[in-house]
Amino acid sequence: MDFLDEIVLTGLTVFGRHGVYAHEREDGQEFSIDLRLRMSLDQAAASDDVADTVHYGELAEKVAAVVGGEPVNLIETLAERIAAVALEDVRVQNVTVTVHKPHAPIPLSFADVAVTVHRSRTPEAMEDITI
């Protein structure tokens with residue numbers, strides 16, 4: 001059985017204007033993002049070259065652009081868009097994205113609301129990988 005390696009980025013906090021209520025879009029709030037990328041890191045470990053792996057700083061900037069960009073109603077949609085960004089790198093075989101919305105408009109005491117999506121590269125896309 002082949003095991004995949006992981007790159008994990010947690011707690012990326014970005015201001016966004018997502019939500020179903022007008023005040024959420026007007027006032028905005030901070031969202032926190034966790035990413036778990038699964039891929040082989042053998043080539044990067046052997047070469048010691050950042051070009052052979054996902055540059056997590058550049059990925060963080062792309063994710064921040066999504067969160068800070070076009071508003072959506074649901075954090076489910078936001079998580080899906082972030083997953084698509086992570087899968088743009090053909091070396092990433094699957095990704096787990098959690099979007100935390102700790103300031104959701106719930107009139108009760110709570111610590112966090114989060115949505116997690118798991119997305120994989122399609123088998124057809126895996127056949128096209130030539131690295």
Roughly how far, to the nearest 0.5 Å, is CG of Leu4 from CD of Gln93? 4.5 Å
Looking only at heavy atoms, which two atoms of Ala111 and Pro102 are closest? And how far apart? O-CB, 4.0 Å
With sequence neighbours excluded, tell me which residues meet side-chain hydrogen bond (donor to acceptor under 3.5 Å, both in side chains) with Asp5. none
Is there a side-chain contact between Leu59 and Leu37 (heavy atoms, below 4.5 Å)? yes
Shortest non-hydrogen separation from Arg91 to Thr53 and the atoms involved: NH2-O, 3.0 Å
Minimum heavy-atom distance Val113-Ala104, with the two atoms named: CG2-CB, 4.2 Å
Nearest-0.5 Å distance that lies between atom CD in Gln29 and atom CG in Asp27: 9.0 Å
Nearest 0.5 angstrom please: Asp42 CG to Asp52 CG, how far? 11.0 Å
If we only count heavy atoms from C-beta on, is the Val97 to Arg119 side-chain gap below 4.5 Å? no
Go through the steps to decide whether Arg38 and Thr96 satisfy the test side-chain contact (heavy atoms from CB on, under 4.5 Å), and finish with yes or no. CA-CA 9 Å; Arg38 289 176 197 84; Thr96 298; 3.1 Å; yes
Test side-chain hydrogen bond (donor to acceptor under 3.5 Å, both in side chains) applied to His55 - qualifying residues, sequence neighbours left out: none
Measuring from Met39:CE to Arg121:CZ, what's the distance to the nearest 0.5 Å? 10.0 Å
Pick out which of Glu30, Glu76, Glu24 makes a salt bridge (Lys or Arg N to Asp or Glu O under 4.0 Å) with Lys101. Glu24
Within the 4.5 Å heavy-atom criterion, are Ile7 and Val92 side-chain neighbours or not? no
Counting only heavy atoms from other residues, nucleotides and ligands, does the tally under 6.0 Å from CZ of Phe110 exceed 12? yes
side-chain contact (heavy atoms from CB on, under 4.5 Å) for Glu61 and Leu12? Distances and angles first, verdict last. CA-CA 10 Å; Glu61 290 177 9; Leu12 177 65; over 6 Å; no
Excluding sequence neighbours, so at least two apart, what forms side-chain hydrogen bond (donor to acceptor under 3.5 Å, both in side chains) with Arg81? none
Are Arg36 and Thr98 close enough, and set up right, to give a side-chain hydrogen bond (donor to acceptor under 3.5 Å, both in side chains), and what steps lead you there? CA-CA 9 Å; Arg36 182 174 302 272; Thr98 301; over 6 Å; no
Is it the case that more than 12 heavy atoms not belonging to Asp48 sit under 6.0 Å from its CG atom? no
Where Ser120 and Asn94 come nearest, the two heavy atoms and their spacing: OG-CB, 3.3 Å
Can you name the closest pair of heavy atoms from Val85 and Lys62 and give their distance? CG1-CB, 3.7 Å
CD (Glu80) and CG (Leu74) are apart, to the nearest 0.5 Å, by 12.0 Å
May I ask you to test the Ile82-Leu35 pair for a side-chain heavy-atom distance under 4.5 Å? yes
Between Val20 and Phe31, is there shared hydrophobic-cluster membership here, with clusters defined by ILVMFWY side-chain heavy atoms closer than 4.5 Å? no
Using modelled atom types and a 3.5 Å cut-off, is there a donor and acceptor pairing between side-chain atoms of His18 and backbone atoms of Val72? yes
Taking the side chain as C-beta and beyond, is there a heavy-atom pair between Leu78 and Glu70 under 4.5 Å? no
Non-hydrogen atoms of Asp112 and Ala114 that approach each other most closely: OD2-CB, 4.1 Å
